[in-house]
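Let me begin by presenting the structure, written as C-alpha cells, before commenting on it.
We're numbering straight along the sequence, starting at 1. Just so you know, these numbers come straight off a predicted model, no measurement behind them.
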Amino acid sequence: VYFSNVCQLNGLQFFLLQIVKEFGLSDAKTGFVVAIPSLIGLATLMWYGRRSDKRQERYGHAAFANGIAAAALLTAMLVQAPALRIALISVCSAFTISFCAPFRSIPSTFLSRRAAASGIAAIGGFGVLGGWVTPWIVGITKDRTGDFRIGLGGVAIFPLVVSLLFFVLGRARQARDRSAAIVLQPQ
C-alpha cells in the first residue's frame with residue numbers, strides 16, 4: 001500500500017512543474033501555482049490525522065485517502081481545463097500526503113515492539129522503490145508517446161486497486177480483532 005502511495009507522491013512531485021508549464025504561465029506564476037497543492041496538502045494532513053484519531057479508525061482512512069488521491073490524479077490527467085486540473089491535482093496532493101497519518105500508525109497495532117522496527121523499515125523500503133519506479137515508468141511512457149499524462153494516469157490506476165484491497169483486508173482484520181476482544185472480555 002505504501003509503495004502505491006509513494007508512486008503517486010513522486011509521480012506528482014516529479015511532473016507537477018511540467019503539468020503547470022503546459023498552462024502557458026510565466027515562471028513566477030508557475031511557481032505560485034505549483035505551491036498550491038502542497039499548501040492544501042499540509043492543511044488536509046493535519047485535519048485528516050485528527051479525524052482518524054478521533055474515530056480510532058486507520059484502515060478505512062488510509063484506503064480512502066489513497067483511493068481518492070488516485071482517482072483525482074487519474075481524472076486530472078484526463079481533463080484539459082487548467083483550473084480544474086490544478087484543483088484535482090490539489091485533491092490528489094492533499095490525500096496522498098494525508099494517507100501517511102493513519103497508515104503510519106497501523107503497523108504498531110499488530111507488530112510486537114521488537115518486530116515493529118524491522119517491519120516499519122521494510123514498509124519504508126518498499127515505499128522507496130515506488131519513488132524509483134514511477135519516474136522511470138512515466139519517463140519511458142513520455143519518451144514513447146510524447147505525453148507524460150498517459151504514464152501518470154497509468155500510475156494512478158495501481159493505487160485505486162490497492163486501496164480497495166487494503167480497505168477490504170483492513171475491515172476483515174478489524175472484524176477479527178473485535179471478535180477476539182469480545183471473546184476475551186470477562187463475563
Side chains of Ile137 and Thr141: does their closest heavy-atom pair fall under 4.5 Å? yes
Is the backbone of Val1 close enough, under 3.5 Å, to the side chain of Ser4 for a donor and an acceptor to pair up by distance? yes
Are Phe99 and Phe64 near enough that their ring centres are under 6.0 Å apart? no
Taking every non-hydrogen atom, the tightest pair across Gly151 and Val138: C-CG2, 3.8 Å
Looking only at atom types and distance, does a side-chain atom of Ser52 sit under 3.5 Å from a main-chain N or O of Tyr48, one as donor and one as acceptor? no
Just verifying a value: how many Å separate Arg104 CZ and Ile123 CD1, rounded to the nearest 0.5 Å? 8.0 Å
Are Arg85 and Glu22 ion-paired here, with the side-chain N under 4.0 Å from a carboxylate O? yes
Thr30 side chain near Leu17 side chain, heavy-atom distance below 4.5 Å: yes
Does any non-hydrogen side-chain atom of Leu88 lie less than 4.5 Å from one of Leu73? no
Counting C-beta onward and ignoring hydrogens, is there a side-chain heavy-atom pair between Phe126 and Val6 closer than 4.5 Å? no
Is it true that Ile19 and Leu74 fall in one hydrophobic cluster, defined by side-chain heavy atoms closer than 4.5 Å? no
Ser105 backbone acceptor or donor facing Arg58 side chain under 3.5 Å: no
Under 4.5 Å between side-chain heavy atoms, counting indirect links through other Ile/Leu/Val/Met/Phe/Trp/Tyr residues: same cluster for Val133 and Ile140 or not? yes
Under 4.5 Å between any side-chain heavy atoms of Thr44 and Ile97, yes or no? no
Min side-chain heavy-atom separation Pro159-Asn5 under 4.5 Å: no
Measure up the Phe158 and Phe3 rings against each other and bin them: parallel (under 30°), tilted (30 to 60°), perpendicular (over 60°). perpendicular
Consider only side-chain heavy atoms of I, L, V, M, F, W and Y, link residues closer than 4.5 Å, and tell whether Leu9 and Leu152 are in one cluster. no
Does Ser93 reach the side chain of Leu12, with side-chain heavy atoms less than 4.5 Å apart? yes
Answer yes or no: is there a side-chain heavy-atom contact under 4.5 Å between Val34 and Lys21? no
Correct closest heavy-atom pair for Pro135 and Gly130 would be CD-O, 4.4 Å
Of all heavy-atom pairs linking Gln13 and Ser38, the shortest is NE2-OG, 4.3 Å
Can you tell me if CZ on Phe23 sees more than 12 non-hydrogen neighbours from other groups inside 6.0 Å? yes
State yes or no: do Phe14 and Leu16 share one hydrophobic cluster built from I, L, V, M, F, W and Y residues joined by side-chain heavy-atom distances below 4.5 Å, directly or via other members? yes
Distance check, rounded to the nearest 0.5 Å: Leu111 atom CG versus Ile106 atom CD1? 11.0 Å
Is there a donor-acceptor contact under 3.5 Å from the side chain of Gln8 to the main chain of Thr96? no
Can you check whether Ala115's main-chain N or O pairs, donor with acceptor, with Ser118's side chain at less than 3.5 Å? yes
Could you tell me if Arg149 sits above the aromatic ring of Phe15, with its cationic atom closer than 6.0 Å to the ring centre and no more than 45 degrees from the axis? no
